[in-house]
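So you know, we letter chains A, B, ... as the sequences are listed, proteins then strands, and number each from 1.
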Amino acid sequence: MNVVSLITNKRAAEQSCLALLKSCNSLSKFTQIHSYIIKLGLHSNPLVLTKFTSTSADLNAISYASSFVFSPESDTRLYDTFLFNTTIRAYAQRNDLKTKAVKFYNLMLECGVSPNKFTYPFVLKACASIGELNLGKSVHGSVIKLRFCDDVHVQNTLVHMYGSCKGGILFARKVFDKMPKCDSVSWSAMIGGYARLGLSTEAISLFRKMQISGVCPDDITMVSVLSACTDLGALEVGKWVESFIEKERVNKSVELCNALIDMFAKCGDIDKALKLLRNMIEKNIVSWTSVIDGLATHGRGLEAVALFEEMIRAGVAPDYVSFIGLLSACSHSGLVDKGREYFDLMKKEFNLVPKIEHYGCMVDMLCRAGLLKEALDFVQKMPIEPNPIVCRTLINACCTHGELKLGESITKRLIGNEPMHESNYVLLSNIYAKMLRWEKKTKIREVMDKMGMRKVPGSTMIELDNEIYEFVAGDQSHNQHKEIYEMLDEMGRKMKMAGYVPTTREVLLDIDEEDKEDALNRHSEKLAIAFALLKTPPGTPIRIVKNLRVCSDCHSATKFISKIYNREIVVRDRNRFHHFKDGFCSCGDFW
DNA sequence: TTAGGGTTAG
């Protein structure tokens with residue numbers, strides 16, 4: 001065989017390898033082709049493997065392939081932009097290997113290979129999910145240096161990246177404001193950034209600006225807008241968004257329908273969420289889970305369980321999240337036996353290993369049912385370490401059941417593990433208040449002050465005429481505060497006549513009974529309800545959203561108010577919904 | 001021969 005035919009054959013072999021790799025989409029096929037490549041002496045040519053990394057759908061195979069491409073034997077002179085781009089993309093798509101995408105980007109620069117306009121969206125996407133602002137900033141620096149900042153794709157990914165990094169939202173807005181031309185992706189990235197951070201009012205007001213700008217929102221924009229409504233509990237705005245979607249004929253993708261379902265479920269209209277699910281032709285696990293979880297938080301546990309069963313019959317396999325919804329349904333509705341049954345079924349039938357969240361649901365369920373001993377036993381036997389959420393559940397249960405000493409010791413241990421978490425100190429200080437150990441309580445507050453910590457103040461939001469009002473305890477900032485406090489006095493008189501007794505044991509302050517009553521009477525929930533009674537016609541349902549759990553005095557007072565004023569009152573607190581009507585609450589005083 | 005924004009829980 002002469003040299004020419006050897007070269008021809010090698011080229012031919014290379015060509016046929018490329019052709020084979022083009023259709024290769026699995027690891028097993030790849031390893032087969034790879035052995036040919038090695039036999040033919042082509043393994044040092046990364047370009048052959050580039051073909052594979054760019055076409056393969058199997059991400060494990062890509063890891064395998066790139067380990068050869070970037071082996072020490074490879075001829076680095078043959079590395080090119082496309083090779084790096086495909087490798088970076090492959091890793092940027094893999095949740096567990098995002099940092100590798102950035103590593104390959106750095107290697108690209110080290111090898112002297114120039115990035116192009118396709119490189120940055122991949123790298124920035126990886127930075128976004130890593131969430132480190134400084135990393136993102138340094139990549140942004142390269143974007144500027146290499147003059148790729150005029151590309152709208154790159155700009156949009158920059159907005160997304162900053163919007164996903166802790167402390168980056170102002171930088172996102174800076175990039176966004178400087179963009180000469182925004183498209184629907186730019187607006188969605190910025191609105192989505194606000195929504196993810198819980199800056200929901202900003203998200204909605206930016207959406208209004210988008211409408212003025214004349215750029216048409218699409219289904220993806222609307223998903224973020226809806227998630228902002230969901231966060232605020234703003235049902236009226238949410239309903240308006242729904243009619244906007246209809247009117248503008250926005251593509252009703254599965255994701256958009258899911259966002260609508262979740263909005264209705266979390267803004268208090270669970271029946272509407274259920275109706276939307278029924279009307280969806282193509283539904284996925286998220287659609288089902290949103291409603292199951294919605295039913296759970298509305299205290300309709302049996303219906304949640306029934307819907308879960310229906311989902312399985314429909315051939316949709318439950319996942320980790322749907323089991324959280326299901327178990328929390330059992331927990332919120334006191335279905336202890338059902339909960340235990342499903343917890344076992346999760347492993348046996350569906351091959352899902354329970355995670356800490358599922359153990360958390362079980363502990364919560366046992367504690368709510370008053371089975372504190374069993375809950376403690378359960379935690380001790382858990383194969384994973386209890387997380388702070390599980391510990392706090394136990395501590396709360398200890399407080400409710402008068403096991404203050406035990407509560408104190410768990411809280412002290414928790415503070416040892418999590419010294420910067422302010423809610424642990426609040427717990428301990430509340431335990432001391434219940435023990436009437438005021439001097440210890442004062443000491444805790446001093447420690448908190450020294451560390452610059454503050455208790456999250458309770459606040460209640462209410463939506464009236466498309467405006468959102470927020471109240472904090474003792475709030476006097478509202479321009480109608482005089483009328484509101486007069487209304488509160490009237491409510492108090494009528495409630496007492498009807499048999500209401502203030503639950504002063506809830507007031508964890510060292511003050512006399514009369515002052516305790518006064519403190520209770522100024523809780524943000526009561527202020528918001530008084531405001532609603534003043535501003536809405538008789539018979540109109542009242543919906544409020546509380547940032548913390550509703551306290552038992554407000555719970556009892558709201559029952560009286562619903563009867564005295566003949567109003568349906570829907571309260572969303574941090575954990576669940578309470579529907580008050582005719583002096584009763586849907587939670588059956590069990591929350 | 002490659003590109004950008006989104007949904008469920010905790």
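Partners of Arg413(A) under the salt bridge (charged side-chain N to carboxylate O under 4.0 Å, His left out) rule, at least two apart in sequence or in another chain, do not exist in this structure. When the side chain to side chain donor-acceptor pair (under 3.5 Å) test is applied to Asn417(A), no partner is found at least two apart in sequence or on another chain. When the side chain to side chain donor-acceptor pair (under 3.5 Å) test is applied to Lys272(A), the partners found at least two apart in sequence or on another chain are Glu242(A).
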Validation: residues 228-239 of chain A side-chain donor-acceptor distances under 3.5 Å, sequence neighbours left out:
unit_1: Thr230(A); atom_1: OG1; unit_2: Leu226(A); atom_2: O; d: 2.7
unit_1: Asp231(A); atom_1: OD2; unit_2: Ser200(A); atom_2: OG; d: 2.6

What side-chain donor-acceptor pairs closer than 3.5 Å can you find for residues 350-361 of chain A, not counting sequence neighbours?
unit_1: His358(A); atom_1: ND1; unit_2: Lys355(A); atom_2: N; d: 3.0
unit_1: His358(A); atom_1: NE2; unit_2: Tyr320(A); atom_2: O; d: 2.8

Using residues 108-127 of chain A as the side-chain source, report each donor-acceptor pair under 3.5 Å to any protein atom, sequence neighbours left out, with the distance given to one decimal.
unit_1: Asn116(A); atom_1: OD1; unit_2: Asn85(A); atom_2: ND2; d: 3.0
unit_1: Asn116(A); atom_1: OD1; unit_2: Phe118(A); atom_2: N; d: 3.0
unit_1: Asn116(A); atom_1: OD1; unit_2: Thr119(A); atom_2: N; d: 3.2
unit_1: Asn116(A); atom_1: OD1; unit_2: Thr119(A); atom_2: OG1; d: 3.0
unit_1: Thr119(A); atom_1: OG1; unit_2: Asn85(A); atom_2: OD1; d: 2.7
unit_1: Thr119(A); atom_1: OG1; unit_2: Asn116(A); atom_2: N; d: 2.8
unit_1: Thr119(A); atom_1: OG1; unit_2: Asn116(A); atom_2: O; d: 3.2
unit_1: Tyr120(A); atom_1: OH; unit_2: Tyr105(A); atom_2: OH; d: 2.8

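Shown for residues 227-237 of chain A: no residue has heavy atoms falling under 4.0 angstrom of DNA chain B. Contacts between residues 98-127 of chain A and DNA chain B, counted as heavy-atom distances below 4.0 Å, involve Asn116(A), Lys117(A), Phe118(A), Pro121(A), Phe122(A), Lys125(A). Residues of residues 263-286 of chain A that place a heavy atom closer than 4.0 Å to DNA chain B, in numerical order, are Lys266(A), Val286(A). Contacts of residues 245-258 of chain A with DNA chain B (heavy atom under 4.0 Å): Ser253(A), Glu255(A), Leu256(A), Asn258(A).
Sorted by first and then second residue, the salt bridge (Lys or Arg N to Asp or Glu O under 4.0 Å) pairs involving residues 193-222 of chain A (not counting sequence neighbours) form an empty list. Within the structure, ring-ring contact (aromatic ring centres under 6.0 Å, His included) contacts touching residues 202-238 of chain A (residues at least two apart or in different chains) are Phe207(A)-Phe244(A).
Here dG5(B) is the nucleotide among dT8(B), dG5(B), dG10(B) with the atom lying nearest to any side-chain atom of Ser188(A). In the set dT2(B), dG5(B), dT8(B), dT8(B) carries the atom at the smallest distance from any side-chain atom of Thr289(A). Listed nucleotides dT2(B), dG5(B), dG6(B) differ in distance to Val223(A); the shortest reach to its side chain belongs to dG6(B).
The base of dG10(B) has none of its N or O atoms less than 3.5 Å from a complementary donor or acceptor on the side chain of Asn387(A).
To the nearest angstrom, P of dG5(B) lies 18 Å from OH of Tyr194(A). Atom pair Glu418(A):CD and dG10(B):P shows a separation of 17 Å (rounding to whole Å applied).
A ring-centre distance under 6.0 Å is found for Phe70(A) and Tyr79(A).
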